[in-house]
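Worksheet: one structure, shown below.
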Number of protein chains: 2
Amino acid sequence: MAVAAPLQSDTPNDPPSKRSAILEGATRVFLASGYGPASMDSIAAEAGVSKQTVYSHFGSKDALFEAMVRQKCDDLTSPMADSEIRGDNPEEVLIGLGRRFMELVLLPAHTRLFRAIVAESERFPELAEGFYRAGPRQGADQLAEYLAELDRKGTLRIPQPKASAELFFATMRADLYMRSILALSEEPDTDEIDQQVTLAVAAFLAAHRTT
Amino acid sequence: MAVAAPLQSDTPNDPPSKRSAILEGATRVFLASGYGPASMDSIAAEAGVSKQTVYSHFGSKDALFEAMVRQKCDDLTSPMADSEIRGDNPEEVLIGLGRRFMELVLLPAHTRLFRAIVAESERFPELAEGFYRAGPRQGADQLAEYLAELDRKGTLRIPQPKASAELFFATMRADLYMRSILALSEEPDTDEIDQQVTLAVAAFLAAHRTT
DNA sequence: GTCTATAAAAGGATAGAC
DNA sequence: GTCTATCCTTTTATAGAC
């Protein structure tokens with residue numbers, strides 16, 4: 001009897017060892033230097049395989065970049081997408097959500113991925129759209145549902161839940177995110193994050209209170 | 001008697017025709033394709049000069065990129081920096097400010113410049129910092145002064161003017177800016193901008209009202 | 001499938017004439 | 001200062017052996 005095949009995040013039924021090694025090497029090299037400066041030679045070296053092996057698995061540099069971005073988008077957005085937005089106290093819920101969001105998007109991996117996608121957004125429009133859908137769009141839609149519920153219950157006054165959800169995440173990002181993607185403050189600082197989250201949530205609640 | 005020398009935005013006293021032609025060509029090529037893919041050959045061709053002339057003026061591709069970015073940062077931030085924030089009705093003032101801000105940052109030229117800076121922020125940290133200072137930082141500080149004044153007058157309750165100013169611009173950008181830098185919606189749409197500005201200003205006023 | 005070796009092209013930078 | 005022509009390195013991609 002065959003035991004269950006190991007679950008790897010590859011295209012279906014592939015002996016994944018080499019393929020995922022290449023993908024990991026590509027991730028390191030692409031995210032370290034961006035698409036242009038990353039050479040197929042260094043990716044092959046980083047993955048511990050020959051260059052030809054890279055080509056037989058992915059065909060071209062473009063295709064490898066696309067595969068890498070798609071996988072990283074999954075990795076970096078699923079923690080948010082999978083987590084439920086639930087709780088009794090809206091303030092606590094929003095603060096918790098904001099913290100998780102900030103800790104995720106301020107990760108160096110996310111920052112570097114975002115830079116690469118932005119840089120290549122005109123050459124790879126499908127990648128940019130995939131990121132937007134899986135990230136900002138999905139997050140805002142998910143929050144919008146919760147906000148609509150608060151509005152129905154009368155807890156807060158939120159006539160345009162989708163727009164308010166977008167505003168919420170925008171106030172979270174604000175200056176910290178801008179500085180992060182501009183590489184002006186590499187490591188996320190927990191105190192600064194908490195301060196930003198608290199302030200933004202307070203502003204959000206004040207803007208949407210019923211009284 | 002010598003007449004007044006023509007005022008060109010070059011380094012002091014240079015016969016500017018060729019130099020500014022190169023700078024304009026470099027702007028077009030760099031902003032069209034980003035730093036990496038832009039070749040010195042195409043820049044020279046775009047400027048209508050030989051490659052050697054480009055090198056005798058700017059020395060290297062890096063230096064040319066830096067010069068281009070600095071000039072474009074000036075061009076694209078001075079309209080905001082030079083305009084006064086003044087008026088009797090805070091709502092009108094903020095809506096006007098928001099509109100000008102959005103119309104500026106959604107310009108294709110700004111979007112492309114921002115992408116290039118973000119992409120190269122690790123290789124050219126001084127450029128990223130220059131952009132941040134002249135753009136987001138300067139804008140927030142300028143608005144913060146106005147907000148502090150409103151707080152002193154008692155018009156609005158704004159205990160942390162700097163943080164509130166950052167929040168203001170963040171809510172302006174929100175989804176429209178994200179989509180713009182991801183190249184998902186190239187041209188700015190006036191109606192969408194107005195809608196975003198109105199909504200964000202309303203939220204800002206509600207969050208900071210005194211009652 | 002995987003490796004070594006090579007082809008073929010592009011691009012940054014420079015030499016030398018005028 | 002400006003142009004033409006050239007050097008030399010890097011890099012994507014492929015050929016061919018095992």
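Worth knowing before you read on, the calculation uses all heavy atoms, side chains too, and leaves out hydrogens, waters and symmetry mates. Within every chain, numbering begins at 1; the chains are lettered A, B, ... in the order of the sequence lines, protein sequences first and strands thereafter.
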Exercise for the section: Ignoring backbone atoms, establish whether A:Lys18 has a side-chain N or O less than 4.0 Å from OP1 or OP2 of C:dT2. Expected result: yes
Problem - Residues A:Glu120, A:Arg123: salt bridge by 4.0 Å N-O rule - result: yes
Practice task
Round to a whole Å and report the spacing from CZ of B:Arg19 to P of D:dT2.
Solution key: 12 Å
Problem - Ionic contact status for B:Asp141 with B:Arg137, cut-off 4.0 Å - result: yes
Fill in the blank from the handout: To the nearest angstrom, the CZ-P distance between A:Phe58 and C:dG1 comes to 12 Å
Handout entry: Plane angle bin for B:Phe65 and B:Phe124 - parallel if under 30°, tilted between 30 and 60°, otherwise perpendicular
Key = tilted
Practice task
Look at A:Glu192 together with A:Arg179 and state whether they make a salt bridge at an N to O cut-off of under 4.0 Å.
Solution key: no
Fill in the blank from the handout: Taken to the nearest whole Å, CD1/A:Ile22 to C1'/C:dC3 is 13 Å
Problem - Charged tip of A:Lys61 within 45° of A:Tyr35 ring normal and under 6.0 Å - result: yes
Problem - Cationic N near anionic O, under 4.0 Å, B:Arg99 to B:Glu103 - result: no
Exercise for the section: Answer yes or no: is there an ion pair linking B:Glu166 with B:Lys162, defined by an N-O contact shorter than 4.0 Å? Expected result: no
Handout entry: From CA spacing to verdict: side-chain contact (heavy atoms from CB on, under 4.5 Å), B:Phe169, B:Val105
Key = CA-CA 11 Å; B:Phe169 286 116; B:Val105 300; over 6 Å; no
Exercise for the section: In whole angstrom, give the distance that lies between atom OH of B:Tyr55 and atom P of D:dA5. Expected result: 18 Å
Problem - Selection: residues 45-52 of chain A, any non-hydrogen atom under 4.0 Å of DNA chain C - result: A:Val49, A:Ser50, A:Gln52
Problem - Near-strand residues of residues 28-43 of chain A, defined as heavy-atom separation under 4.0 angstrom from DNA chain D - result: A:Ala38, A:Ser39, A:Met40, A:Asp41
Handout entry: Length of the CG-C1' vector between A:Leu64 and D:dA13, whole Å
Key = 14 Å
Exercise for the section: Examine D:dG1: is either OP1 or OP2 under 4.0 Å from a nitrogen or oxygen in the side chain of B:Thr53? Give yes or no. Expected result: no
